[in-house]
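Inspection log for the structure reproduced underneath, given as structure tokens.
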Amino acid sequence: MRYMELLSGNEAIAQGAWEAGVRIGVAYPGTPSTETMECFATKEGVYAEWCPNEKVALEVGLGASAAGARVLATMKHVGVNVAADPLFTAAYTGVGGGLVILAADDPGMHSSQNEQDSRFYALAARIPIFEPSDSAEALRFTKEAYDLSERFDVPVMIRSTVRISHAKTLVEVGKRTEVSLKEYTKDPAKWVMMPAFAKLRRSVQDARVASLKEAAESCSCNEVMMKDSAQGIICSGAAYHYVVEALPHASVFKLGITWPLPAQALKDFEGAVDKLYVVEEASDYLSAQVKALGIQVADTPKTLPLAGELTPDIVRQAFGGKPRQAFEPFEGLPNRPPALCPGCPHRLVFKELTRARALITGDIGCYTLGALAPLSAMDTCVDMGASISMAHGFELVMGETEKPQPVVAVIGDSTFAHSGLTSLMNTVYNQGGGTVAILDNRTTAMTGRQGNPFNGETLQERPTRELDLETVVAALGVTDIKTIDPFNMKAVRQAIKEALANKDLSVLIFRAPCILLEKTRDVPVFVDETCTDCGVCTSLGCPAISRDVLAQRAVIDEALCVGCGQCEQYCASSSIRKSGSW
């Protein structure tokens, strides 16, 4: 009897790994990959953990693989950058138990600081990469990836994109196949990558690549659908669905494995169609690799966009067709930009840093929203941990400028564990100054409130230790450390004032739980008739506060207000007070 479930791509990959007998799961949360490890962690007979960062996760995974277990490592595309160091060398060492790495790309940058194509990592590291086009393929390809990993002694990547990760399609689920641990045998020539052994492993890799290219020719994950021979389309992943909807009569070569490419099969497809095209999102990876095989690829009549996601309409128009939108988008509606939540413990910190006219180097997390108006409290945001490193760089130069500004790095507790520790170590080691503000909201908030070393919550709720942030910072050599309640405006203001006056390095720890973590509400506040319409409360950027233009006064939406009391502390006329309705 067939058992069908409606699963997202992330859930299907977790299910596929479980069915393949995977024992160990390692990850750092990052949209759009996060739910994969969360789902895997609920399965029977598995161990799963959040790691401080993706590099550590892959290294833990490689160790477990060397010990003989099948392993799943998951991360978003920018996490692959962090894990690149062990990834490239793991392509030399090979594996023990099968090792599969999910790289979840984000074309369109729905929740990322850049667009990148993880297939280039597979190409550069010379490891196979599967690319499912729906959840059913995500499950099937994951299982095949483990067989391929062990057959060829190589880590294997699975690339998803945000639509594959989050869209749900029907999947036939199965039972778990228990896979015995492979026996570990001491073998320095395989596992110790000093130059003498690495040179030998490079030769092993070269031979492996030749075998992989041969295997790609008959891989069942690649599929040719011959229709009208006038047009042939090569595509993969989500782009396949856009192509078959936009161009129902075209012949399609759907690639399920996009490195190595099946060279002869693609050349045969070229010979079977009059004109050959490549359709892909926000990248030229596939078209460049197909052309590198000597295959003639035609340009689409209208250029496909260089960035962002595709849609059936975009593909249709690229081939000279007309759009088929079912409705016209509404016009004239105001934008609704994202904002820090009502009651967010970060809000007063940003307000006071702006008031102090500080130059603020920011980091990755929900506090990045502090860059938006009206707070406008961030000058830079590049990658995980960059706030502290860039602040040190600013400090090296700022003293030589005509109008030096105080420099403050803002970073969250999870991001500090991810990459901030080494950045702070560098600043201390090189006798840097400035101020580091650690916004400790007791969770990894942006990706769904996961655990991290500084809140002491593990993925599978195992007993653990909560690392003490103040002690860790002190151990790095920082002497000026203060812990402040971020809901206390006067305390926040005073702490920032003292830190900016200090020529040495100061670390301010603003600790209060994420409002979504606590899920508690106090009595909401309201604005009475004494409001002078000074605009200070609206400058906090709280979604619950707005301005009544006709009445010329601030108003507070009691349905959104959580009664945190932040706005009350800024009201000079004492016009904001607790509502009597609760």
Side-chain angles (χ1 to χ4, degrees), residues 1-50 57 61 64-65 69-76 79 95 97-105 118 128-150 155-181 219-221 236-238 240-241 256-257 447-448 450 459-461:
M1 177 175 156
R2 299 176 67 192
Y3 179 39
M4 307 294 289
E5 283 191 18
L6 191 64
L7 299 180
S8 69
N10 284 342
E11 293 168 330
I13 290 169
Q15 177 69 22
W18 179 78
E19 290 184 17
V22 173
R23 296 170 182 251
I24 306 294
V26 288
Y28 181 82
T31 304
S33 71
T34 305
E35 299 85 0
T36 314
M37 195 53 61
E38 289 180 329
C39 181
F40 179 78
T42 66
K43 308 290 185 183
E44 292 184 6
V46 305
Y47 172 88
E49 68 179 33
W50 294 129
S65 169
R70 286 189 165 186
V71 178
L72 175 66
T74 70
M75 58 199 71
K76 67 181 296 178
V95 302
L99 174 58
V100 172
I101 302 146
L102 167 64
D105 288 0
S118 295
I129 185 165
F130 287 85
E131 201 170 346
S133 65
D134 58 24
S135 299
E137 287 189 348
L139 190 154
R140 180 167 69 89
F141 289 6
T142 299
K143 294 171 71 172
E144 294 198 20
Y146 283 100
D147 293 337
L148 190 74
S149 176
E150 292 178 353
V156 176
M157 291 185 79
I158 295 176
R159 184 213 186 208
S160 70
T161 55
V162 64
R163 300 301 170 187
I164 304 302
S165 295
H166 292 158
K168 293 194 173 189
T169 60
L170 281 173
V171 175
E172 182 178 356
V173 300
K175 296 180 180 180
R176 178 174 171 85
T177 300
E178 293 297 340
V179 178
S180 299
L181 289 173
C219 179
S220 62
C221 298
S236 62
Y240 161 73
H241 295 284
I257 184 167
T447 54
Q450 291 81 19
L459 177 53
Q460 293 179 311
E461 300 181 347

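Note: hydrogens, waters and symmetry copies are ignored here, and every other heavy atom, side chains too, is used.
At least one donor-acceptor pair closer than 3.5 Å links the side chain of Arg176 to the backbone N or O of Trp18. Between the side chain of Arg70 and the main chain of Val179, no donor-acceptor pair closer than 3.5 Å is present. Side-chain atoms of Arg163 do not come within 3.5 Å of backbone N or O of Gly237 as any donor-acceptor pair. Proximity of a side-chain donor or acceptor of Ser135 to a complementary backbone N or O of Gly9 within less than 3.5 Å is detected. Distance alone, capped at 3.5 Å, places no donor-acceptor pair between the Ser165 side chain and the Ser33 backbone.
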Determine, stepwise, if the pair Leu459 / Gln450 fulfils side chain to side chain contact (heavy atoms under 4.5 Å, CB included). CA-CA 7 Å; Leu459 177 53; Gln450 291 81 19; 5.9 Å; no
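Across Ser133 and Ile164, no two heavy atoms sit closer than the pair O-CD1, 3.2 Å. Residues Leu72 and Val22 come closest through the heavy atom pair N-CG1, 3.7 Å. When all heavy atoms are compared, the tightest approach of Ala103 to Met157 is CB-CE, 3.4 Å. The shortest heavy-atom contact between Thr34 and Trp50 is O-CH2, 3.9 Å.
Partners of Glu35 by salt bridge (charged side-chain N to carboxylate O under 4.0 Å, His left out), not counting sequence neighbours: none found.
How far CZ of Arg23 is from CG of Leu181: 3.5 Å, rounded to the nearest 0.5 Å.
Listed by first then second residue, pairs satisfying salt bridge (charged side-chain N to carboxylate O under 4.0 Å, His left out) with a partner in residues 131-141 read Arg119-Glu131, Glu131-Arg159, Glu137-Lys254, Arg140-Glu144, not counting sequence neighbours.
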